[in-house]
> 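Take a look at this one; I'll ask things after.
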Amino acid sequence: MNVVVLGAGIIGVSTAWHLLERGHEVTVVDRQPNAALETSFANAAQISVSYCEPWANRDAPLKALKWMFRDDAPLLFRPRMPFGEGWQQWRWGLQFLAQCNDAAFERNVQQLVALGAYSHAALKDVVRATGIEYNRLERGIAHYYTEQKSFDTAGGAAALMRKYGVARRVVSTAELLEIEPAFSAFADRIVGGTYTASDESGDARVFTQALAQRCAARGAQFLYSHDVVRLEKTGNAINSVAIHARTASAKGQNDAQVTPLTHLKADAVVVACGSYTAPLLRSVGVDLPIYPGKGYSATFKLLKPERAPFVSTIDDEVKCAISRLGNELRVAGTIEVGGYDLSLDTPVARARCHMLARRIEEVLPGVCDTRLEEEGGQPQFWTGLRPATPTNIPYIGKTQVGRLWVNAGHGTLGWTHGAGSGKAMAELISGEAPAMDFGFYGFDRARRQPGLSAA
């Protein structure tokens, strides 16, 4: 089959790789000049099968309300006027609230763990086959708590993960520091933690770009710096994808100027455009509740590598992840639900970035160069849009429009679920049944048969 994949992040490139593995012809389209330059660029770096709790839980509504007036809050809901794009935010929010109960939480965890375990195995297979190096650390993931009330819930969370096959266990402060001594200077604040030895970390951008190069070497065509203009239908099936190349303006900027359209014919089109998937699909009548959550990260140079952690870690108090990437430290976290804005120079954005820098200095004093630019430092602050669903479960499968497939909605777990989502997508397109208990979009979960017309 001739398959067009829209999007060259971890999801799209993984999809391309596994389609090639099954003998398909693949064309990948992305508006950026290389792979992994948007949502996959500077994420938390964690492969966190055991830390996949959905945002929606029984405590989320009260916390979100309490945090609404804090610019540096872990989850910041910024209401927009309820019309146009703002209506999509309100609709998403109402569906999110419907998931804020224990039954939905456990049901969603089960799905996320199933996909996570499948994806982790798929990632290991790809790494073995390709030899890609990406600052990988197979040291597990630790999660420390600074508040006793929060730590008291850790046992239940760990037990839920063990119920679905993930060996997450509760550890004392002393045991946590044996696992990762780098946090000794912060030990008086830590009341306990959890640890999963099977999780790992690594650079998603480096991995994705290397995998894209290998896909190209195997015959995949990558149309970088191309915009998707529209999906073109004939009857109830996609006939082609209209794209045009971006051209450099006189000022050297990459502006999307009007250029002759290229019409890509395909037997199947996979939309893996992250947060931009939803508006593109709505243009052909497929309405999915995928909404952007603006996430932030900061990458700092190590000043004292010998004191930096090797175990990737989650800070429960500020809801951020800390991962070592060679001679740098990545800290990422916070979600801002407020539209498609990607600016880093607003008061809210600056407050959230500065919070990450302050927290690293509190937890790992003197280990990194956390100085801001005005202080003489060179922090690499970044923001990206996390394509979130109300359940945190991505949409992977066939839409009701013929020849149109979707692989999007992975939220903060795109790196964790990327390899498996790509493999599952390729299997479904090839008529195979992925070996996991997961509710694929457009398929009967019990029998893995198409629930929607293929043409």
Side-chain angles (χ1 to χ4, degrees), residues 9-11 39-40 43-44 46-61 63-64 67 74-77 88-89 91-120 141 143 153 157 160-161 163-164 166 168 196 199 204 272-275 277-278 288-295 314 316 319-321 332-338 384-397 406-421 424-425 436-441 445:
I10 180 61
I11 307 300
T39 303
S40 301
N43 63 15
Q46 294 185 334
I47 303 295
S48 51
V49 179
S50 65
Y51 295 94
C52 62
E53 287 95 339
W55 303 350
N57 59 65
R58 69 160 89 172
D59 298 322
K63 286 182 177 179
W67 288 335
L75 175 61
L76 178 60
F77 189 84
Q88 298 298 331
Q89 182 199 48
R91 184 182 73 154
W92 184 94
L94 291 172
Q95 293 180 351
F96 175 85
L97 289 175
Q99 298 295 318
C100 293
N101 59 79
D102 290 344
F105 182 82
E106 180 167 352
R107 182 174 63 247
N108 295 337
V109 163
Q110 182 180 10
Q111 291 274 280
L112 293 170
V113 170
L115 180 58
Y118 179 85
S119 187
H120 199 182
I141 293 179
H143 184 167
T153 68
L160 180 59
M161 291 298 164
K163 178 179 178 180
Y164 295 112
V166 178
R168 178 171 163 185
T196 308
D199 285 339
C273 299
S275 296
T277 297
L288 300 182
I290 299 173
Y291 196 78
K294 186 178 181 181
I314 297 171
D316 189 76
K319 304 295 188 289
C320 72
T334 82
I335 291 295
E336 180 184 341
V337 183
L385 299 178
R386 308 311 193 196
T389 68
T391 61
N392 280 118
I393 298 170
Y395 288 98
I396 305 171
V406 60
N407 199 352
H410 296 76
T412 56
L413 294 171
W415 183 207
T416 297
H417 290 158
S421 295
M425 182 92 277
M436 62 172 150
D437 186 14
F438 183 82
F440 291 103
Y441 185 65
R445 184 174 178 185

> For the side chain of Trp92 and the backbone of Ala388, is there at least one donor-acceptor N/O pair under 3.5 Å apart?
yes
> What is the minimum heavy-atom distance between Gly274 and Pro387, and which atoms define it?
C-CB, 3.4 Å
> How long is the straight-line distance from CZ of Arg58 back to CG of Asp102, given to the nearest 0.5 Å?
4.0 Å
> Would you compute the distance between atom CD1 of Ile10 and atom OG of Ser40 and round it to the nearest 0.5 angstrom?
6.0 Å
> The criterion is side-chain contact (heavy atoms from CB on, under 4.5 Å); which residues satisfy it with Thr389, sequence neighbours excluded?
Ile290, Thr391, Tyr395
> Given the rule in the side-chain contact (heavy atoms from CB on, under 4.5 Å) test, do Leu75 and Lys63 qualify, once you have shown the distances and angles that lead to the verdict?
CA-CA 8 Å; Leu75 175 61; Lys63 286 182 177 179; over 6 Å; no
> List the atom of Tyr291, the atom of Gly338, and the distance in Å for their closest heavy-atom pair.
OH-C, 4.0 Å
> Closer than 3.5 angstrom, by distance alone: can the side chain of Ser50 be matched with the main-chain N or O of Val166 as a donor-acceptor pair?
no
> Test side-chain contact (heavy atoms from CB on, under 4.5 Å) on Thr277 and Leu288 and set out the steps.
CA-CA 9 Å; Thr277 297; Leu288 300 182; 5.7 Å; no
> Which heavy atom of Ser421 sits nearest a heavy atom of Asn407, and at what distance?
O-ND2, 3.2 Å
> Just verifying a value: how many Å separate Trp67 CH2 and Lys319 NZ, rounded to the nearest 0.5 Å?
5.0 Å
> Between Tyr164 and Val109, what is the shortest heavy-atom contact and its length?
CD1-CG1, 4.4 Å
> Look only at the side chain of Gln89 and the backbone of Val337, and say whether a donor-acceptor pair between them is shorter than 3.5 Å.
yes
> Strictly distance-based, threshold 3.5 Å: is any side-chain N or O of Thr196 a donor or acceptor partner for the main-chain N or O of Ile141?
no
> Does Asp199 reach the main-chain N or O of Ser48 with its side chain, forming a donor-acceptor pair under 3.5 Å?
no
> Drop me the distance from Glu53's CD to Ile314's CD1, to the nearest 0.5 angstrom.
7.5 Å
> My understanding is that only residues two or more places apart in sequence, or in another chain, count here; which of them pass side-chain contact (heavy atoms from CB on, under 4.5 Å) with Tyr118?
Lys423, Ala424, Glu427, Pro434, Met436
> Can you give me the closest heavy-atom contact between Pro390 and Ala56, atom names plus distance?
O-CB, 3.9 Å
> Please identify each residue that fulfils ring pair (Phe, Tyr, Trp, His ring centres under 6.0 Å) with Trp415, with sequence neighbours left out.
Tyr134, Phe207
> What's the shortest heavy-atom distance between Pro61 and Leu97, and which atoms?
CG-CD2, 3.9 Å
> Kindly compute the distance separating CD1 (Ile335) from NZ (Lys294), expressed to the nearest 0.5 Å.
11.0 Å
> Checking Gln111 side chain against Gly439 main chain: does a donor-acceptor pair fall under 3.5 Å?
yes
> Filter on salt bridge (Lys or Arg N to Asp or Glu O under 4.0 Å), then keep only pairs touching residues 91-100, sequence neighbours left out; what's left?
Arg91-Asp287
> Using 0.5 Å steps for rounding, measure from the CZ atom of Phe440 to the CG atom of Asp437.
9.5 Å
> Could you pull out all residues at least two apart from Pro394 that satisfy side-chain contact (heavy atoms from CB on, under 4.5 Å)?
Leu112, Leu115, Ile396, His410, Phe438
> In sequence, state the C-alpha distance, the side-chain angles, and the governing distance for Thr416 and Tyr51, and then conclude on side-chain contact (heavy atoms from CB on, under 4.5 Å).
CA-CA 10 Å; Thr416 297; Tyr51 295 94; over 6 Å; no
> Flag the pair Ile11 / Met425 as yes when at least one side-chain heavy-atom distance between them is below 4.5 Å, and no otherwise.
no
> Going by side chain to side chain donor-acceptor pair (under 3.5 Å), name the residues that satisfy it together with Gln99, two or more places apart in sequence or in a different chain.
Asn108
